[in-house]
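Since this is a predicted model, take the numbers as computed values, not measurements. Just so it is clear: chains get the letters A, B, ... in the order the sequence lines come, proteins before strands, and each one is counted from 1.
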Number of protein chains: 2
Amino acid sequence: MPRKVTIQDISRVAGASPSTVSRVLTGNASVSPEKRLAIENAIKQLNYRPSHIARSLKTSTTMSVGLLLNEINNPFYSNVARGVEEVANQRGYSLILCNTNEDPERELQYLHVLQDKQVDGIILGPTGHNVEHIAQLAERTPLVQIDRQIESNKLSAVLVDNEEGGYQAVRAFINKGHRRIALFTWHKPTIPTIAHRRAGYERALREANLPIDPTLVVDIPELTPEHTAELTIALLRQPDPPTALFALNNRIALGVISAISQLGLKMPQEVSLIVFDDLDFFAVVKPAISAVAQPSFQMGEEAMRLLFRQIETPDCPAEIVILPTELILRETV
Amino acid sequence: MPRKVTIQDISRVAGASPSTVSRVLTGNASVSPEKRLAIENAIKQLNYRPSHIARSLKTSTTMSVGLLLNEINNPFYSNVARGVEEVANQRGYSLILCNTNEDPERELQYLHVLQDKQVDGIILGPTGHNVEHIAQLAERTPLVQIDRQIESNKLSAVLVDNEEGGYQAVRAFINKGHRRIALFTWHKPTIPTIAHRRAGYERALREANLPIDPTLVVDIPELTPEHTAELTIALLRQPDPPTALFALNNRIALGVISAISQLGLKMPQEVSLIVFDDLDFFAVVKPAISAVAQPSFQMGEEAMRLLFRQIETPDCPAEIVILPTELILRETV
DNA sequence: TTGTAGGCGTTATCAA
DNA sequence: TTGATAACGCCTACAA
């Protein structure tokens, strides 16, 4: 097994000092054409690649950023990840992927790892916990929140207008004449997105002078399709069932759709449905499912751009970007 | 901005030499209880965290592995990623996420980055190119292929029995009396999975003494839903259309399902459908879509376990793990 | 423009 | 059990 080739080897072969080799590597200082050529040849010849680690130790910059997400296997987040990756890659940065599963302890653990590995920045879809730790961390390393913003802090964030998205969806229902509109929400008080979507729901009802009926909001503790479907079926079998259903995220939608299928209900004739967060399949299935689309890919891109701004300019003020949602009315409403 | 606290600071505060501090950090050597206590206190007091970079430079091990995938935003790959992450995290490893978009150049570029960052191992969903480079790389760093195996090499891999999966699906069609079974495949000669699935299709037909009709195989150049739907519609409008459709991956399925919806065809009365690769939504939608399920999460777990074995034992022989698929017959066949 | 020397924060070797 | 000392591979004053 050949020993790793280092800058010393290049120096020897090219007949130049290590510093000169380093100079052509980094490219900031000036080097005579002959030396440069000799060095470049030696590099090619020995198939030399600079050690990123040694470089990092010296410069204390790693060209990598942490990407901390709740569930990478949720299409929403995996599209965010794609967006982040796209712009990170363009600038030669790499991503350290961390998945929390909504587990605060795991989030904290990963936050430590990222700190230990001295990432140049962090993109964080927060669980909603570890608030103080995150605030402190952000003082030392650039950090931008994505999807959810911890209420108490004023760190940079890329969000979506959840309240307005929720409002528009319910507004669409009301315009179609619906009066009993059910809300399927996730019982997680630490997650602001859900709360904002729900606030939009309530605003639309209030504006239309409709009562906010607590029996129409289903607060789901655990997001399995089975569990959600069960609760949905129970609601739909009540004496005066809702005519419109609003599922607050794509995981909830799974259960709600399952319930509708099981009951054999026709959409939109017997129930209407809008899902917060659009999925590819919603557009091709019959009937095509209406959704509040979030620009997930762009959120990722924007978050990474924001992070770069923070990395590049030391005391960059925090920025909060709020992207619009798009209500896509298809065949279920 | 406080300077980073190092092992020197701990050494000073605890009244021990840096080497002793290092000893309690790594935990292999023996240290007297008093010193250990003093050091541990100092560590807590100064909130010290060892520099992973410095450690890596010294030990030339980074506790991170590269995860090189074709499209992280495809549910199949994002579930693989979750599986990989799960077992990597258990052992304190972190993941460098690389997305190729099926682009060989990008794959090569990322391979270089991973090498430069001296990852301890690589999990690779290969594009099918860069064959020699990968073979060479694998001599120096542990590497396991996932989902697809480059034909010419004998490196470790975690795969699925694509041929058998394809066979079973078509077999199910035949058992239901179908005679004209269309295949929707992706025109990418470098991808073995697709080829094997197709081989399974052909085996089932041959076995049932059915002709392999080239007009029934649709070779899709570009996997947009629109394009695929167009080709599907064209096929279904022919004089003697197929009665069963087999989509060879979830992206193709999108277009095929779109076509069926557009044509208003009833499943399974008017056409049957099986998709290779199962998605959450297939189970809840009406009619529920039949699929050949791949154990994507487990593939990720297994790949990471395999990689660990390679990392730990120097001359570990290559292992090839082939996981079974599961044919899930729902309502579309 | 070039080279020498020192250090980034650890760990490992060697004596004591 | 402990402490000097020397790397790991690179970058960067500083001096020439």
Side-chain angles (χ1 to χ4, degrees), chain A residues 1-40 42-43 46-64 112-113 115-120 140, chain B residues 1-40 42-43 46-64 112-113 115-120 140:
Chain A
M1 179 98 106
R3 204 182 38 70
K4 194 178 188 325
V5 17
T6 79
I7 231 179
Q8 309 291 340
D9 303 312
I10 304 302
S11 145
R12 208 169 306 122
V13 173
S17 77
S19 17
T20 309
V21 177
S22 173
R23 280 186 261 265
V24 347
L25 253 29
T26 55
N28 351 298
S30 51
V31 173
S32 74
E34 309 89 61
K35 291 246 170 197
R36 153 162 288 121
L37 195 65
I39 289 169
E40 280 167 351
I43 287 177
L46 302 191
N47 199 245
Y48 167 75
R49 310 228 94 220
S51 157
H52 220 281
I53 294 172
R55 197 171 264 182
S56 290
L57 182 60
K58 186 63 191 174
T59 64
S60 61
T61 162
T62 54
M63 295 294 281
S64 54
H112 281 137
V113 170
Q115 197 180 172
D116 294 351
K117 295 208 168 174
Q118 287 183 59
V119 292
D120 295 342
R140 304 193 109 276
Chain B
M1 179 98 107
R3 202 182 39 69
K4 193 175 189 327
V5 16
T6 79
I7 231 179
Q8 308 291 340
D9 302 311
I10 304 302
S11 146
R12 210 169 305 123
V13 172
S17 78
S19 359
T20 309
V21 178
S22 173
R23 279 187 260 266
V24 349
L25 254 28
T26 54
N28 351 298
S30 51
V31 174
S32 73
E34 310 89 61
K35 291 248 171 193
R36 155 162 286 122
L37 195 67
I39 289 169
E40 280 168 351
I43 287 177
L46 301 192
N47 199 245
Y48 166 75
R49 311 228 94 221
S51 158
H52 219 282
I53 293 172
R55 198 171 264 182
S56 291
L57 182 60
K58 187 62 191 172
T59 64
S60 62
T61 161
T62 53
M63 296 291 282
S64 51
H112 280 137
V113 170
Q115 196 180 173
D116 294 350
K117 295 208 168 173
Q118 286 183 58
V119 291
D120 296 342
R140 306 194 108 275

Nearest-Å distance for atom pair [atom1]/[atom2], residues [X] and [N]:
X        : N      : atom1 : atom2 : result
A/Gln8   : D/dC11 : CD    : C1'   : 12 Å
A/Asp9   : D/dG9  : CG    : P     : 9 Å
B/Ile10  : C/dT11 : CD1   : C1'   : 16 Å
B/Lys35  : D/dT2  : NZ    : C1'   : 7 Å
A/Gln118 : C/dG9  : CD    : P     : 8 Å
B/Asp116 : D/dG9  : CG    : C1'   : 13 Å
B/Lys117 : D/dC10 : NZ    : C1'   : 16 Å
A/Leu57  : C/dT11 : CG    : C1'   : 12 Å

Problem set entry | Listed nucleotide nearest any side-chain atom of A/Arg23, set C/dT2, C/dT1, D/dT2 |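 Of the options given, the side chain of A/Arg23 lies nearest C/dT2.
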For this session: From the options C/dG9, C/dT2, D/dG3, select the nucleotide whose nearest atom is closest to the side chain of B/Lys4.
Result: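 The answer is C/dG9.
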Exercise. When B/Val21 is tested against each of B/Ile10, B/Thr26, B/Thr6 for side-chain contact (heavy atoms from CB on, under 4.5 Å), which residue passes?
Worked result: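 It is B/Ile10; the other options fail the test.
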For this session: Identify which one of B/Asp9, B/Ile7, B/Ile39 satisfies the side-chain contact (heavy atoms from CB on, under 4.5 Å) criterion when paired with B/Tyr48.
Result: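 So the option named by the test is B/Ile7.
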For this session: Specify the residue among B/Ser19 and B/Thr59 whose closest nucleotide of DNA chain D lies further upstream toward the 5′ end.
Result: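 Going by which nucleotide is closer to the 5' end, it is B/Ser19.
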Problem set entry | No-H, no-angle donor-acceptor pair, B/Lys58 side chain to C/dA12 base, under 3.5 Å |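 Absent.
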Problem set entry | Check: B/Arg49 side chain, C/dG9 base, donor-acceptor under 3.5 Å |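 Between C/dG9 and B/Arg49, which were checked side chain against base, a qualifying N/O pair under 3.5 Å is absent.
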For this session: Would you name the heavy atoms of A/Arg49 and B/His112 that are closest together and state the gap between them?
Result: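 Closest approach of A/Arg49 to B/His112, heavy atoms only: NH1-CB, 3.3 Å.
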Problem set entry | Which atom of A/Ala16 lies closest to which atom of A/Ser11, heavy atoms considered |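 Heavy atoms only, the tightest pair is O-OG, 2.7 Å.
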Establish, with yes or no, whether the OP1 or OP2 oxygen of [N] is under 4.0 angstrom from a side-chain nitrogen or oxygen of [X].
X       : N     : answer
A/Ser32 : C/dT2 : yes
B/Thr20 : D/dT2 : no
B/Thr6  : C/dG9 : no

When all nucleic acid strands are considered with a 4.0 Å heavy-atom cut-off, which category describes [X]: base, sugar-phosphate, or nothing?
X       : value
A/Ala16 : sugar-phosphate
B/Ser51 : sugar-phosphate
A/Pro18 : nothing
A/Ile7  : sugar-phosphate
A/Thr26 : sugar-phosphate

Problem set entry | B/Asp116 (side chain) donor-acceptor with A/His52 (main chain) under 3.5 angstrom |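 No, because the side chain of B/Asp116 does not come within donor-acceptor range (under 3.5 Å) of the backbone of A/His52.
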Exercise. Does the A/Thr59 side chain pair with the main chain of A/Arg55, one donor and one acceptor, at a distance under 3.5 Å?
Worked result: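 Between the backbone of A/Arg55 and the side chain of A/Thr59 there is a qualifying donor-acceptor contact (under 3.5 Å).
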Exercise. Quick one: bend of the helix from C/dT1-D/dA16 to C/dA16-D/dT1 from 5 pairs per end, to 10°?
Worked result: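 End-to-end axis angle for the helix from C/dT1-D/dA16 to C/dA16-D/dT1: 40°, rounded to 10°.
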Problem set entry | Sequence neighbours excluded, every pair satisfying side chain to side chain donor-acceptor pair (under 3.5 Å) that has a member inside residues 15-25 of chain A |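 Qualifying pairs: A/Ser17-A/Ser19, A/Ser17-A/Thr20.
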For this session: Check the pair B/Ser64, B/Thr62 against side chain to side chain donor-acceptor pair (under 3.5 Å), reporting the backbone distance first and the verdict last.
Result: CA-CA 5 Å; B/Ser64 51; B/Thr62 53; 3.3 Å; yes
